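The block underneath contains the structure these notes are about, expressed in structure tokens.
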There are 2 protein chains.
Amino acid sequence: MASTIKDVARLAGVGVGTASRVISGKGPVAPETAARVQQAIQTLGFRPSSIARALSRKSLDMLGVYVPQYQGLFHGAVLETIGRELRDVDRHMVTASGGACGDARLQALDGIDFLRQRECDGLLLMSHALHDDDLRQLHAQMPQIAVLNRIVPGLESVCFSSDHALGGRLAAQCLLEAGHREVAIISGPHHAPDNEARLHGFLDTLGAAGVRVPSEHIITGDFTPASGRAAAEALLARCGPAPLPFSALFCANDPMAIAAISVLAAAGLRVPEDLSVIGYDDCEFAAHVWPALTTVRIDIGAVATQATRDLINRCYGRDRPVIRDVAPELVRRQSVRRVDAA
Amino acid sequence: MASTIKDVARLAGVGVGTASRVISGKGPVAPETAARVQQAIQTLGFRPSSIARALSRKSLDMLGVYVPQYQGLFHGAVLETIGRELRDVDRHMVTASGGACGDARLQALDGIDFLRQRECDGLLLMSHALHDDDLRQLHAQMPQIAVLNRIVPGLESVCFSSDHALGGRLAAQCLLEAGHREVAIISGPHHAPDNEARLHGFLDTLGAAGVRVPSEHIITGDFTPASGRAAAEALLARCGPAPLPFSALFCANDPMAIAAISVLAAAGLRVPEDLSVIGYDDCEFAAHVWPALTTVRIDIGAVATQATRDLINRCYGRDRPVIRDVAPELVRRQSVRRVDAA
DNA sequence: TTGAAAGCGCTAACAA
DNA sequence: TTGTTAGCGCTTTCAA
């Protein structure tokens, strides 16, 4: 049996109050008494029970984080960052992902419920499966939340996201500047707000320049490489082999772009010589594939940092600096080239 | 203020003991009484405090998981699997990663300490930075641990890993069969036991066939794509441009292999025409890059599953089936070709 | 089948 | 600067 604060107090010959004071470091204690208590702690190998402490202080000093999954380049970066920010203020996180049931929205609801049961001081939420209303409802019951990677109308003050519409515009401009006027798209899931925003930005900018994307040139994926591969295959099947009726392909994230490039290559199409490809996110692999991927960088880590700090400020009365704008940025590498240079 | 079990009991007109019984579902309660309590729970929106419950039951019903980081394809898969296994038995996990200080070993020690403070019922550990002795020491203090992806001498019964020596042998055989006799290696960190095991297996098999790998053909990376790129560049710089003094390259994981292929391609070298490349792990991207990567599949998810089940059995007196062997497997795709066919 | 009461290990108010 | 004590919200005997 692990020893308790009582054992420590007894061994040190002090009251539990005193022992508690030296353990937590708050409250006046005579240096010499403190030393005696420390000694007792040492010899007993005492570790305070965080549960008991939490019960009495009514806080576990922890924030809950929901992500749909742990896999993938995107969510890992988020968790990494949140963990670091919390460590800086001596707090920590508990995570939930997925859930018992099949439906993504239900899973998210489930995960959030789990987190609330764990009595977190606040919640960081990342999910494109939740409805805006789900989030509004949750916020009404529990205002200490921060929403990542989407902007929920009415909840702007707790939402943190890069401007994905701008990201989409950046991608479109890049293609337009390179002279592309026939483009295809591998989209993310259509219920994902961030995907929709970047798609709108992309399409709007193209439209303003007079270029339309026929709907048969738009295929929907789910952000995984496997879906990118399937989408590219579908595109090829639909549009016949060379010559392709488009000169550029926009993919809603880098993993899908990488997979798409591999099916293009397998079909004998060279990127960017035969076809330009632009990705989105600037994931860890983007710079390390061939050809290096031109993409729109979304610094999701920075977004997570800002969200975490804001939530820390609200939950723990801190005043960490928070920047609300994390702008997307075009990263020119090798997968897009001028159409007339082809 | 959230309502407590007392409120529920009062509203339902029963004692807290009774309320507790219906909440936990254990112990005899008259159906009609139970209904009344349920009603009270509903109207109060009562949620039991998991902290208080834990304090009294002396278990949070949770396992701790340490991973060096959340990023990367490998660790995500591990967390995903562990989470699922735990959910199956109505338990959950708390994770820790990295730590405050720079040194990976200290970080791991730190993270483990954090987990122990959180009063987990058991620990799942993944770290190649820890010394065997660290783990043995920990096990002496806390036997409810499971070690992932390495075998610690003396701790075999709590260690779960694919046979990386065999994995290395598989890679070597694949190359040998394809007629390669001059090979280069991009290794993982030399303190990583799994890396060492696969390297030994690889080198031994090669050696048995009479092929030696000169030390200047071995470059060390750290498993990241960026390090794979740097390693490949170093290899190229060291061995001059074409013709390369080796016909095959073994990379200690797929992300490094993918990055290496991209620098080879940038240097005008074609894989597999000019050079065969074999990876390791079979990460999510391996099948979706060009050329599709021939690699040794390590089903780390399966390893994590087995470890988790074993730990569940030990911590919660369950009897879930545990398979100890998760064999590595060669996955032939396109990045290796016969040398004489080149 | 129920209620009362004694903890679980800690914090914090209060008295000394 | 200390020790004592009353909670924190729940589970679990033990009687009734």
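The analysis underlying the following values was restricted to heavy atoms, covering all of them including side chains, and did not include hydrogens, waters or symmetry mates. Per chain, numbering begins at 1; letters A, B, ... match sequence-line order. A quick note: this is a predicted structure, and the numbers were derived from the prediction, not measured.
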For B:V14, which contact category applies under a 4.0 Å heavy-atom criterion: base, sugar-phosphate, or nothing?
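Answer is sugar-phosphate: B:V14 comes under 4.0 Å of backbone atoms only.
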Mind checking if B:S49 touches a base, just sugar-phosphate, or nothing, with heavy atoms under 4.0 Å?
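The residue B:S49 makes sugar-phosphate contact but no base contact.
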Between A:S20 and B:A19, just flag the one whose closest nucleotide in DNA chain C comes earlier from the 5' side.
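Here B:A19 is the residue nearer the 5' end.
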Donor-acceptor pair, distance only, cut-off 3.5 Å: does the side chain of [X] make one with the backbone of [Y]?
X      : Y     : answer
A:D121 : A:M62 : yes
A:T81  : A:A77 : yes
A:R84  : B:G98 : no

Gap between atom [atom2] of [Y] and atom [atom1] of [X] - 0.5 Å precision:
X      : Y      : atom1 : atom2 : answer
A:L123 : A:L115 : CG    : CG    : 5.0 Å
B:I145 : B:C315 : CD1   : SG    : 10.5 Å
A:L135 : A:Q137 : CG    : CD    : 10.0 Å

Under 4.0 Å, heavy atom to any atom of DNA chain D: which of residues 21-47 of chain A qualify?
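The stretch gives A:R21, A:P28, A:V29, A:A30, A:T33 as the residues lying under 4.0 Å from the strand, ordered by number.
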How close or far is atom [atom2] of [N] from atom [atom1] of [X], stated in whole angstroms?
X     : N      : atom1 : atom2 : answer
B:K6  : D:dT11 : NZ    : P     : 14 Å
B:R10 : D:dG9  : CZ    : P     : 12 Å
B:I5  : D:dG9  : CD1   : C1'   : 8 Å
A:D61 : C:dC10 : CG    : P     : 16 Å
A:L55 : D:dC10 : CG    : C1'   : 8 Å
B:R57 : C:dG7  : CZ    : C1'   : 16 Å

Using 4.0 Å as the upper bound for N to carboxylate O, is an ion pair formed by A:R150 and A:D194?
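No, no charged N to carboxylate O under 4.0 Å.
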If you check every side-chain atom of [X], which of [options] has the closest atom?
X     : options                : result
B:R53 : C:dA12, D:dT11, C:dC10 : D:dT11
B:V16 : D:dG9, C:dT11, D:dT11  : D:dT11
A:P48 : C:dC10, C:dA12, D:dG9  : C:dC10
A:A52 : D:dG9, C:dG9, C:dT11   : C:dG9

For C:dG9, does OP1 or OP2 lie under 4.0 Å from any side-chain N or O of B:K58?
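Looking at the OP1 and OP2 atoms of C:dG9, one of them is under 4.0 Å from a side-chain N or O of B:K58.
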Starting at the 5' end of DNA chain D, which residue's closest nucleotide do you reach first, B:I51 or B:T18?
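Its nearest nucleotide being more 5', the pick is B:I51.
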